[in-house]
Amino acid sequence: MTARKSAFAAVAAPDARVLILGSLPGEASLAARRYYAHPQNRFWHLVGRAIGVDLAGLDYDDRLEALKAHRIALWDTVASAHRLGSGDAAIREAEHAPLAEFVATLSGLRAVAFNGRKSAAIGRPQLAGSDLALIDLPSSSPAYAAMPLAEKERLWARLADFLA
């Protein structure tokens with residue numbers, strides 16, 4: 001069995017309006033101890049386009065501060081799991097993050113966005129019945145190449161609607 005891999009701590013300011021949830025950090029992110037560290041992952045580009053900031057051009061700590069300044073929180077749906085490689089399909093024995101409890105600490109939250117299918121499959125049931133908008137987004141991962149970048153940008157741009 002592969003070693004158990006754990007998610008990072010949530011990134012959030014108390015006034016967050018949008019929470020973006022991934023599944024579990026991939027190998028490049030775990031090695032770097034940074035969210036979305038794989039150079040081909042389009043997360044920073046997509047969120048940056050939605051808020052009008054070149055996040056990809058910033059240092060990592062500045063990216064996180066920019067997210068918080070724009071009232072965006074970031075976390076994962078899987079607290080820990082066994083996984084060989086970075087693919088979501090390889091996640092085994094997942095321990096889910098306590099999403100409902102976390103969301104309850106963010107009184108101004110309006111929406112939860114799921115970065116990819118696995119995140120939505122795990123997170124939606126935990127947040128069912130809440131008053132939050134639940135938004136399924138196409139994965140920012142380089143493994144999901146079936147959708148053109150321009151279409152991903154269009155769908156991720158919806159995040160801005162909840163930030164005003």
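Here the structure is a predicted model, which means the values were calculated and not measured.
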>> For a side chain to side chain contact (heavy atoms under 4.5 Å, CB included) check, start with the C-alpha distance between Glu95 and Arg4, then their side-chain angles and the critical distance, and finish with the verdict.
In response: CA-CA 10 Å; Glu95 175 188 325; Arg4 195 152 191 90; 3.7 Å; yes
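- Ala32 meets the side-chain contact (heavy atoms from CB on, under 4.5 Å) test with Arg34, Ala37; sequence neighbours excluded.
- A search for salt bridge (charged side-chain N to carboxylate O under 4.0 Å, His left out) contacts involving Arg42 returns nothing, not counting sequence neighbours.
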Less than 3.5 Å apart, which donor and acceptor atoms pair up between the side chains of residues 125-133 and the rest of the protein, not counting sequence neighbours?
from, atom 1, to, atom 2, distance (Å)
Gln126, OE1, Leu99, N, 3.4
Ser130, OG, Leu127, O, 3.0
Ser130, OG, Leu132, N, 3.3

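- The ring-ring contact (aromatic ring centres under 6.0 Å, His included) analysis of residues 118-141, with sequence neighbours excluded, yields no pairs.
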Show me the donor-acceptor pairs within less than 3.5 Å that the side chains of residues 6-24 make with the rest of the protein, sequence neighbours left out.
from, atom 1, to, atom 2, distance (Å)
Arg17, NH1, Ala164, O, 2.6
Ser23, OG, Asp88, OD1, 2.6
Ser23, OG, Asp88, OD2, 3.2

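- For Arg154, the side chain to side chain donor-acceptor pair (under 3.5 Å) partners are Glu151, not counting sequence neighbours.
- In terms of hydrophobic clustering, with Ile, Leu, Val, Met, Phe, Trp and Tyr side chains grouped at heavy-atom distances under 4.5 Å, Val103 and Leu74 are assigned to a common cluster.
- Listed by first and then second residue, the side chain to side chain donor-acceptor pair (under 3.5 Å) pairs involving residues 50-69 are Glu65-Lys68 (not counting sequence neighbours).
- Val47 and Met147 fall into different hydrophobic clusters, where Ile, Leu, Val, Met, Phe, Trp and Tyr are joined by side-chain heavy atoms under 4.5 Å apart, directly or via other members.
- No path of Ile, Leu, Val, Met, Phe, Trp and Tyr side chains, each step under 4.5 Å between heavy atoms, connects Leu155 with Leu163, placing them in separate hydrophobic clusters.
- Criterion: ILVMFWY side-chain heavy atoms under 4.5 Å apart, direct or through other members. Under it, Leu106 and Leu64 are part of a common hydrophobic cluster.
- Taking the side chain as every heavy atom from C-beta outward, Leu67 and Trp44 approach each other to under 4.5 Å.
- The heavy-atom pair separating Ser29 from Pro25 by the smallest distance is CB-CB, 3.9 Å.
- With rounding to the nearest 0.5 angstrom, the CG atom of Leu46 is 11.5 Å from the CD1 atom of Ile51.
- The main-chain N or O of Pro138 is found under 3.5 Å from a side-chain atom of Trp156 such that the two form a donor-acceptor pair.
- The side chain to side chain donor-acceptor pair (under 3.5 Å) check on Arg158 picks up nothing, with sequence neighbours excluded.
- In this structure Lys5 satisfies the side chain to side chain donor-acceptor pair (under 3.5 Å) test together with Glu27, sequence neighbours excluded.
- Considering all non-hydrogen atoms of both residues, Val112 and Leu109 come closest at CG2-CD2, 4.0 Å.
- For the side chain to side chain donor-acceptor pair (under 3.5 Å) test, no residue two or more places apart in sequence or in another chain qualifies with His70.
- Panel note: side chain Asn41, backbone Phe43; a donor-acceptor pair is recorded below 3.5 Å.
- By the side-chain contact (heavy atoms from CB on, under 4.5 Å) test, Asp136 pairs with Phe114, Ala120, Arg124, sequence neighbours left out.
- When all heavy atoms of Ile135 and Ala111 are compared, the pair lying nearest together is CD1-CB, 3.9 Å.
- Among residue pairs with one or both ends in residues 99-122, those qualifying as side chain to side chain donor-acceptor pair (under 3.5 Å) are Tyr36-Asn115, Asn115-Ser140; sequence neighbours excluded.
- Under a hydrophobic clustering in which Ile, Leu, Val, Met, Phe, Trp and Tyr are joined whenever their side-chain heavy atoms come within less than 4.5 Å, directly or via other members, Leu137 and Ile122 fall into different clusters.
- Of the inter-residue distances, the one linking Lys152 atom NZ with His45 atom NE2 reads 10.0 Å to the nearest 0.5 angstrom.
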